[in-house]
Amino acid sequence: MIAKQEIVLSTYRIGKYFYDPIKFKVLENVNIEAYKGEFLTLVGKSGSGKSTLLYCLSTMDTDYEGELHILGEKITGKKTDALAAIRNSSIGFVFQFHFLLPEFSCLKNVMIPALRLGKYSYNEVEARAYEKLDRLGLKDQALKPASKLSGGQQQRVAIARALINDPQLIMCDEPTGNLDSKNTQIVFDIFKQLTHDYHQTIIAVTHDNDFAAASDRTIEMADGKIVNHYINTSG
Ligand code: ADP
Ligand code: MG
């Protein structure tokens, strides 16, 4: 079921070039809408522009044509500080390279975005971080340095970290790419719960067809363009 009422992210004719080694158009005329409480997946062959698009949607890459709107605000053209503030309060990220601080504990890694946001006291942030780690089956790993965990565990820590500020939007690039089927199921169930029970919006790039088919809606890209749209009946 998709709550179609409220658009939380939209793009208008997003286009982008890369210039190295030669100029080529990596994204062309990309129009997307994502709704409140929706679990949206982005699929397509390797090199079709999924990660590049997600980077633009995440506000990290500002070098594109067209417009991006998030939570009713025009994002395109905003300055670095304003973008950072929007990211920190409203967007959670899980990228392919998780960027955990290896020498910090898992708990601390998860706490950092919340400490930066400054909305809760240190003790509250710590309690929230434990709760997120627990949801991802990692409570017993909380005090270990991130570097001591397996790749799959690190990926789940990165997901816990993305959830710490209860962002309205969660963007993921291959969130289950390193995970076995059991942990893929854990992540999938959490995403379902976040969208259905908490009305958060997930935009996830995936090459896992079962994962995509079980989401609410799937957008397929090829050569930097949207080529197909599927409303998934099992979602
Ligand atoms: P996907 O995530 O769908 O596999 P990407 O968005 O990573 O695709 O890449 C899309 C295309 O852009 C590919 O042809 C890739 O080689 C190229 N590309 C990605 N990043 C850069 C970059 N920084 N400079 C030049 N070309 C790039
Ligand atoms: Mg990619």
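Note that this is a predicted model, so its numbers are computed, not measured. For ligands, and for the atoms within them, numbers begin at 1 and follow the listed sequence.
The contact set between ligand 1 and T52, taken as ligand atoms under 4.0 Å from a residue heavy atom, comprises 5 (P), 6 (O), 9 (O). Ligand-side atoms of ligand 1 in range of S46: 4 (O), range being under 4.0 angstrom from any heavy atom.
Nearest non-hydrogen protein atom to atom 18 (N) of ligand 1 is F18 CE1, 3.5 Å. The protein heavy-atom contact nearest to atom 7 (O) of ligand 1 is S51 CB, 3.8 Å. Protein heavy atom closest to atom 25 (C) of ligand 1, with residue, atom name and distance, is D20 O, 3.3 Å. Ranking the protein heavy atoms by distance from atom 17 (C) of ligand 1 puts F24 CZ, 3.8 Å first. Protein heavy atom closest to atom 10 (C) of ligand 1, with residue, atom name and distance, is G47 O, 3.4 Å. Among all non-hydrogen protein atoms, the one lying nearest atom 3 (O) of ligand 1 is K50 NZ, 2.8 Å.
For K108, the NZ atom sits in a loose shell: 12 or fewer heavy atoms of surrounding residues, nucleotides or ligands are nearer than 6.0 Å.
Neither the backbone nor the side chain of Y55 has a heavy atom within less than 4.0 Å of ligand 1. Contact annotation for K45 and ligand 1: only backbone heavy atoms (N, CA, C, O) come within less than 4.0 Å of the ligand.
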Practice task
Begin from the C-alpha positions of E33 and R217 and carry the test salt bridge (Lys or Arg N to Asp or Glu O under 4.0 Å) through to its verdict.
Solution key: CA-CA 11 Å; E33 285 177 346; R217 189 160 62 100; over 6 Å; no
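Per-atom contact check: atom 12 (O) of ligand 1 touches the protein, criterion being a heavy-atom distance below 4.0 Å.
Taking the six-membered ring where tryptophan is involved, the planes of F211 and F191 are perpendicular, since the angle between them exceeds 60° and thus also 30°. Ring-plane geometry between F188 and F39 is classed as tilted, the angle between the planes lying from 30 to 60 degrees on a 0 to 90 degree scale.
Considering backbone and side-chain atoms together, G49 places an N or O closer than 3.5 Å to an N or O of ligand 1. Distances between N or O atoms of V26 and those of ligand 1 include no value under 3.5 Å.
Taking backbone and side-chain atoms together, S51 has an N/O/S atom less than 2.8 Å away from the Mg ion (ligand 2).
Across all their heavy atoms, V8 and Q168 have their closest contact at CG1-CG, 4.3 Å.
There is a path of hydrophobic side-chain contacts, each under 4.5 Å, that joins I186 to L149.
A donor-acceptor pair is defined here as one N or O able to donate and one able to accept, closer than 3.5 Å; such a pair exists between the side chain of D61 and the backbone of D63.
Contact check on R135 versus E131 returns a salt bridge, with a Lys/Arg side-chain nitrogen under 4.0 Å from an Asp/Glu carboxylate oxygen.
Inter-residue side-chain proximity for Q153 and L138 is flagged as met; some heavy-atom pair is nearer than 4.5 Å.
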